[in-house]
Amino acid sequence: MEIERRYDLSTRRRSALDALHRTGDKADPAFRAAMDELRAVEDEAARAVSE
């Protein structure tokens, strides 16, 4: 997967997952921010593969 090949994406994904696991529930604003970052990382990886 492209995320694992690119250090920058891997680091961002790991940080977002860590933040996600620190949230108490889906109502926590940090949960939404972490999910948005995960989505952004996945979108960037998909664009990189399709170029």
Side-chain angles (χ1 to χ4, degrees):
M1 179 174 231
E2 186 67 17
I3 293 171
E4 297 304 320
R5 289 176 14 138
R6 288 187 42 191
Y7 180 76
D8 62 322
L9 292 179
S10 178
T11 300
R12 285 174 54 200
R13 180 178 181 271
R14 192 171 25 255
S15 293
L17 286 173
D18 288 346
L20 186 64
H21 291 294
R22 286 191 304 265
T23 61
D25 60 33
K26 292 181 181 180
D28 186 336
F31 179 88
R32 175 58 44 208
M35 290 300 293
D36 290 345
E37 179 64 5
L38 283 173
R39 191 171 300 111
V41 167
E42 291 174 359
D43 289 346
E44 187 173 337
R47 281 192 308 275
V49 170
S50 66
E51 292 178 345

**Q** Ignoring hydrogens and geometry, is there a side-chain-to-backbone donor-acceptor pair from S10 to R6 under 3.5 Å?
**A** no

**Q** Got a second to check how far R13's CZ is from E37's CD, nearest 0.5 Å?
**A** 12.0 Å

**Q** Would you please test E2 and E44 for side chain to side chain contact (heavy atoms under 4.5 Å, CB included) and show each step?
**A** CA-CA 9 Å; E2 186 67 17; E44 187 173 337; over 6 Å; no

**Q** Tell me whether R39 is salt-bridged to E42, with the criterion being a basic N under 4.0 Å from an acidic carboxylate O.
**A** no

**Q** Is it the case that one hydrophobic cluster holds both L38 and L9, taking links as side-chain heavy atoms less than 4.5 Å apart, direct or via other members?
**A** no

**Q** Taking a hydrophobic cluster as the set of Ile, Leu, Val, Met, Phe, Trp and Tyr residues connected by side-chain heavy atoms closer than 4.5 Å, whether directly or through intermediates, do L17 and I3 fall within one such cluster?
**A** no

**Q** Taking D43 for the side chain and A46 for the main chain, is one N or O donor matched with an acceptor at less than 3.5 Å?
**A** no

**Q** What heavy-atom pair brings L20 and A34 nearest, and what distance separates the two atoms?
**A** N-CB, 3.8 Å

**Q** Between CZ of R22 and CZ of F31, what distance do you get to the nearest 0.5 Å?
**A** 13.5 Å

